[in-house]
Amino acid sequence: MRASALGRSAGAGRIGAIVGPVVTGALVTAGVAFPWGFSVFAAVGVLGSLGMTTTRIRRAVGAGR
């Protein structure tokens with residue numbers, strides 16, 4: 001389970017590393033980088049925090065002994 005979580009988080013980071021500069025370049029090219037750049041990346045942060053707060057934590061049987 002830990003390896004799966006590590007793989008997913010690494011994959012999400014790599015997707016962000018690819019998509020982030022592409023989105024930024026598109027916003028700069030369109031001339032709306034200043035007002036919309038912050039909003040786009042803040043929305044991604046809000047979605048990530050909502051995902052983290054709505055995720056339930058499952059504990060294994062016998063954990064914490």
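Note that the numbering runs from 1 along the sequence shown for the chain.
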| said: Please enumerate all residues that pass side-chain contact (heavy atoms from CB on, under 4.5 Å) together with V19, with sequence neighbours excluded. | reply: I15, V23

| task | For A33, check side-chain contact (heavy atoms from CB on, under 4.5 Å) against everything at least two apart and list the hits. | result | L27, V28

| field | Side-chain hydrophobic cluster, 4.5 Å single linkage: members besides L47 | value | none

| CZ/R14 to CD1/I18 distance, rounded to the nearest 0.5 angstrom? | 9.0 Å

| query | Which atoms form the tightest heavy-atom contact between P21 and G16, and what is the distance? | reply | CD-O, 4.1 Å

When the side chains of residues 48-55 are checked against the rest of the protein, which donor-acceptor pairs come out under 3.5 Å, sequence neighbours left out?
| unit_1 | atom_1 | unit_2 | atom_2 | d |
| --- | --- | --- | --- | --- |
| S49 | OG | G45 | O | 3.4 |
| S49 | OG | V46 | O | 2.9 |
| T53 | OG1 | S49 | O | 3.1 |
| T53 | OG1 | L50 | O | 3.1 |
| T54 | OG1 | L50 | O | 2.9 |
| T54 | OG1 | G51 | O | 3.4 |
| T55 | OG1 | G51 | O | 2.5 |

